[in-house]
Amino acid sequence: MARHLITSAIPYINGIKHLGNLVGSQLPADLYARYLRERGHEVMFICATDEHGTPAELAARKAGQPVAIYCAEMHQVQAAIARDFGLSFDHFGRSSSERNHVLTQHFAGKLDENGWITEVEESQVYSVDDGRFLPDRYIEGTCPNCGYDKARGDQCENCTKQLDPTDLIEPRSAVSGSTNLEVRKTKHLYLRQSALKQQLAEWIDGKSDWPILTTSIAKKWLNDGDGLQDRGITRDLDWGIPVKKGDKPWPGMEGKVFYVWFDAPIEYIAGTAEWADAQGRPDSDWRRWWRLDEGAGDVTYTQFMGKDNVPFHTLGFPATIIGSGEPWKLVDYIKSFNYLTYDGGQFSTSQGRGVFMDQALSILPADYWRWWLLSHAPESGDSEFTWDNFQQSVNKDLADVLGNFVSRITKFCRSKFGETVPEGGSYGPEEEALIEALTSRIRAYEGFMDHMEIRKSAAELRAIWVLGNEYLQSAAPWSTFKTEPERAAMQVRLGLNLIRLYAVLSSAFIPFASDAMLSAMRTDNRDWPDDIRAALQALPAGHAFIVPEVLFAKISDESRDEWRERFKGIRG
RNA sequence: GGGCCUGUAGCUCAAUGGUCAGAGCAGGGCGCUCAUAACGCCUUGGUUGGGGGUUCGAGUCCCUCCGGGCCUACCA
């Protein structure tokens, strides 16, 4: 039994996430957390909403709400959807929590104490009518290079030229359209990442087992151009964590807040503290996950995220941890993902293109999505969602291979023996061969799951389901029942036990169906099958069960076509 | 512009430099009748994007060209 700390990249607060966001972090993290728990490990699985920054303020304004209220409501919405998807967080926190305020200010104070903070005076565009500073990309104007009239202050989307906001012709606020803009001086804190470069590089060089996607992005940032750059960790915003040195004021920084990317990863720690608070536990209970000097020495920490998050988790957050000079736990393994694309293009939150988490659940149960997304996780490259592929995969894998297996064996038993595990008979060569095949495949499955090889795990699990159908086909209890009823009883008993076994093995992927299978078998026995032969005797002769409802109804061509039409355009 | 990833069967993907490049789905044939017209068995299908090179041996390593994707530091 080991101790595993697992965090998923925290989803941004400004709306419901789409399936691409889900498969890139929360869902695979949940798979891993569920699997490790089943294997008997102690798991702490933390996620949260990422609530600060300009987009949150603007989304609140658009919704006509104070930003704190908006975030509180959106947090509840995201939490409910996460729960309905079966995401088994030990705690789903908020980056705006008091715990995060205190910890973020603490880290900043330590970094300053250790000389890793510099103050930089810079010029920033201020929108008088909006009453706020604007990030570069929230300024629009005409591109001096190509004449495109909706160029952003950081880059022209039309000609891809990098821009400075002051390059724009007739610049205006992207928020209000106001042209009443001026450049103002403002002072910000910078984290001296450049000075920590060597330590970060050595740390990353030691991670030879990380996905190439993770290390290549990290090394690019470390070595590109002049090397790792210092990063501003404060912003001129109202909503955020006020800049303080620990619990002391930070002279000259009044009215400023920390940059969202500074406080967001710290929320992994704060979220664990929020968990302790919610459980009524003492601080020592969360600190034993995070402080090497308070019990975290035996913790394995794994992070899940989309590739866009990699620089902040390989460089920014570790710089914060290392720079603090305190014995906080650094991540051991970063599992990063490419993107899921939608029917030939990108999922788009702004254009409402693709399927969003709430919509997904409104048309099909969570397990359908969980299975498809995980079995097609974008591990080696981007992967594409199409309705044809979704329908085909789900119907074949879930309805035909697994669902129908459960159906055929339970219904056969009911008709010949009643809804009770039948008695009699003993294993022959076929059963021995099945146990051998199951053992081999289950050990392979464990290996893939241990290494977070998600698509391979799914393929192996499916192959394990197939073994059940192969067995039934060759054992043919409907034939043996006529001549050797005892043998048929043994075959059916084995088949029924396979249902329980499959429920246990599959629960990380399809937890709801897994529960339904165990419930139909009237058992709470979720023991991991270390010994397959023993696992196939968990349901003894005489044990009562019920024939379950159809586990997975098939997706019809009509539904598929309707959904393809419904989700191709703008979200209503 | 620079960097990274990627290109393998109709589709989605596998293959520590080492038998004849493998699975699933789709297609074709046969079987079974317990089951959600489900399941099982067999089977068609590949000049591994093009070209060159290294090697006894290349899908794998190198060069080059072509296609797709991502990142490029004030969105998060």
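Sequence lines set the chain letters: A, B, ... in the order given, protein chains first and strands last, and positions in each chain run from 1.
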Fill in the blank from the handout: Whichever of Q229(A) and D50(A) has the more 5' nearest nucleotide on RNA chain B, that residue is Q229(A)
Fill in the blank from the handout: By the Watson-Crick or G-U definition, both distances under 3.5 Å, rC61(B) is matched with rG53(B)
Practice task
Tell me what P55(A) touches on the nucleic acid: a base, only sugar-phosphate, or nothing, going by heavy atoms under 4.0 Å.
Solution key: sugar-phosphate
Handout entry: Assigned partner base of rU8(B), Watson-Crick or wobble definition, under 3.5 Å
Key = none
Exercise for the section: Please determine if D236(A) and K187(A) form a salt bridge, counting it only when a charged side-chain N lies under 4.0 Å from a carboxylate O. Expected result: no
Practice task
Name every residue in residues 373-384 of chain A that has at least one heavy atom under 4.0 Å from any atom of RNA chain B, in order of residue number, or write none if there are no such residues.
Solution key: H376(A), S380(A), D382(A), S383(A)
Practice task
List for me each residue that meets side chain to side chain donor-acceptor pair (under 3.5 Å) alongside D450(A), sequence neighbours excluded, and say none if there are none.
Solution key: Y35(A)
Exercise for the section: Indicate, with a heavy-atom threshold strictly under 4.0 Å, whether G15(A) touches base, sugar-phosphate, or nothing. Expected result: nothing
Practice task
Any chance you could lay out the side-chain hydrogen bond (donor to acceptor under 3.5 Å, both in side chains) test for H75(A) and T49(A), step after step, and finish with the verdict?
Solution key: CA-CA 6 Å; H75(A) 173 82; T49(A) 39; 2.8 Å; yes
Practice task
With C1' as the reference atom in both, quote the distance from rG49(B) to rG69(B) in angstrom, rounded to an integer.
Solution key: 16 Å
Handout entry: Nearest to side-chain heavy atoms of K307(A), which nucleotide of rC70(B), rA35(B), rG40(B)
Key = rC70(B)
Handout entry: Salt bridge E182(A)-R184(A), side-chain N to carboxylate O under 4.0 Å
Key = yes
Exercise for the section: Could you tell me if the ring centre of Y12(A) sits under 6.0 Å from that of H52(A)? Expected result: no
Handout entry: Distance-only donor-acceptor test, N404(A) side-chain atoms vs rA35(B) base atoms, 3.5 Å
Key = yes
Problem - W261(A) (side chain) and rA76(B) (base): donor-acceptor pair under 3.5 Å - result: yes
Exercise for the section: Establish, with yes or no, whether the OP1 or OP2 oxygen of rA35(B) is under 4.0 angstrom from a side-chain nitrogen or oxygen of R414(A). Expected result: no
Handout entry: Check ion pair R462(A)-D397(A) (N to O, under 4.0 angstrom)
Key = yes
Handout entry: Salt-bridge criterion met for R441(A) and E460(A) (N-O under 4.0 Å)
Key = yes
Exercise for the section: Could you tell me whether the phosphate oxygens of rC75(B), OP1 or OP2, come under 4.0 Å of any side-chain nitrogen or oxygen in R137(A)? Expected result: yes
Exercise for the section: Verify whether one side chain among T186(A) and E122(A) offers a donor that lies under 3.5 Å from an acceptor in the other. Expected result: no
Handout entry: Base-pairing mate for rG31(B) - Watson-Crick or G-U, with both contacts under 3.5 Å
Key = rC39(B)
Exercise for the section: Please work out if E453(A) contacts a base, only the sugar-phosphate, or nothing of the nucleic acid, heavy-atom cut-off 4.0 Å. Expected result: nothing
Exercise for the section: Just call it for K456(A): base, sugar-phosphate, or nothing, with non-hydrogen atoms closer than 4.0 Å on any strand. Expected result: sugar-phosphate
Practice task
Under 4.0 Å between any heavy atoms, over every strand shown, what does V466(A) touch: base, sugar-phosphate, or nothing? Just pick one.
Solution key: sugar-phosphate
Problem - side-chain N/O Y339(A) vs rC71(B) OP1/OP2, d < 4.0 Å - result: yes
Exercise for the section: Let me see the working for Y502(A) and F405(A) under ring pair (Phe, Tyr, Trp, His ring centres under 6.0 Å), right down to the final yes or no. Expected result: CA-CA 10 Å; Y502(A) 290 172; F405(A) 172 77; 5.5 Å; yes
Enumerate all atom pairs, one protein N or O and one N or O from nucleotides 9-11 of chain B, separated by less than 3.5 Å.
none

Completion exercise
Against the side chain of D154(A), the closest entry in rA73(B), rC39(B), rC75(B) is rC75(B)
Practice task
Tell me whether the guanidinium CZ or amine NZ of K335(A) lies under 6.0 angstrom from the six-membered ring centre of F337(A) and within 45° of its axis.
Solution key: yes
Exercise for the section: Taking only Lys NZ, Arg NE, NH1 and NH2, and the carboxylate oxygens of Asp or Glu, determine whether K256(A) and D238(A) approach each other closer than 4.0 Å. Expected result: no
Problem - Y471(A) vs rC39(B): side-chain N/O to OP1/OP2 distance below 4.0 Å - result: no
Handout entry: Carboxylate-amine/guanidinium proximity below 4.0 Å for K185(A) and E121(A)
Key = no
Exercise for the section: Could you check whether the rings of Y342(A) and F385(A) sit parallel, tilted or perpendicular, using 30° and 60° as the cut-offs? Expected result: parallel
Practice task
Indicate, with a heavy-atom threshold strictly under 4.0 Å, whether F552(A) touches base, sugar-phosphate, or nothing.
Solution key: base
Practice task
Answer yes or no: does a side-chain N or O of R231(A) lie under 4.0 Å from OP1 or OP2 of rC74(B)?
Solution key: yes
Problem - SB check R564(A) D388(A) (cutoff 4.0 Å) - result: yes
Practice task
Report which part of the nucleic acid V260(A) touches: base, sugar-phosphate, or nothing (heavy-atom distance under 4.0 Å, all strands).
Solution key: sugar-phosphate
Practice task
Start with the C-alpha gap between F317(A) and F262(A), add the side-chain angles, then the distance that decides, and say whether ring pair (Phe, Tyr, Trp, His ring centres under 6.0 Å) holds.
Solution key: CA-CA 7 Å; F317(A) 187 40; F262(A) 184 70; 9.1 Å; no
Exercise for the section: Mind checking D308(A) for me? I need base, sugar-phosphate or nothing, with any heavy atom below 4.0 Å counting as a touch. Expected result: base
Pull out every protein N or O sitting under 3.5 Å from an N or O of nucleotides 2-4 of chain B, one pair per line with the distance.
from	atom 1	to	atom 2	distance (Å)
rG2(B)	N2	K220(A)	NZ	3.3
rC4(B)	O2'	S216(A)	OG	3.2

Handout entry: Length of the line joining E470(A):CD and rC42(B):C1', which is rounded to integer Å
Key = 13 Å
Problem - Sugar-phosphate, base or nothing in reach of L472(A), heavy atoms under 4.0 Å - result: nothing
Exercise for the section: Considering just the side-chain nitrogens and oxygens of R462(A), establish if one lies under 4.0 Å of OP1 or OP2 belonging to rG24(B). Expected result: no
Exercise for the section: Determine: side-chain N/O of K411(A) to OP1/OP2 of rU36(B), distance under 4.0 Å, yes or no. Expected result: yes
Problem - side chain to side chain donor-acceptor pair (under 3.5 Å) partners for E57(A), two or more places apart - result: R132(A)
Problem - Any K482(A) side-chain nitrogen or oxygen under 4.0 Å from OP1 or OP2 of rC34(B) - result: no
Exercise for the section: Scan every strand shown for a Watson-Crick or G-U wobble partner of rG46(B), both distances under 3.5 Å, and answer none if you come up empty. Expected result: none
I'd like a list of close polar pairs between nucleotides 30-32 of chain B and the protein, N/O only, cut-off under 3.5 Å.
from	atom 1	to	atom 2	distance (Å)
rG31(B)	N2	Q473(A)	NE2	3.1

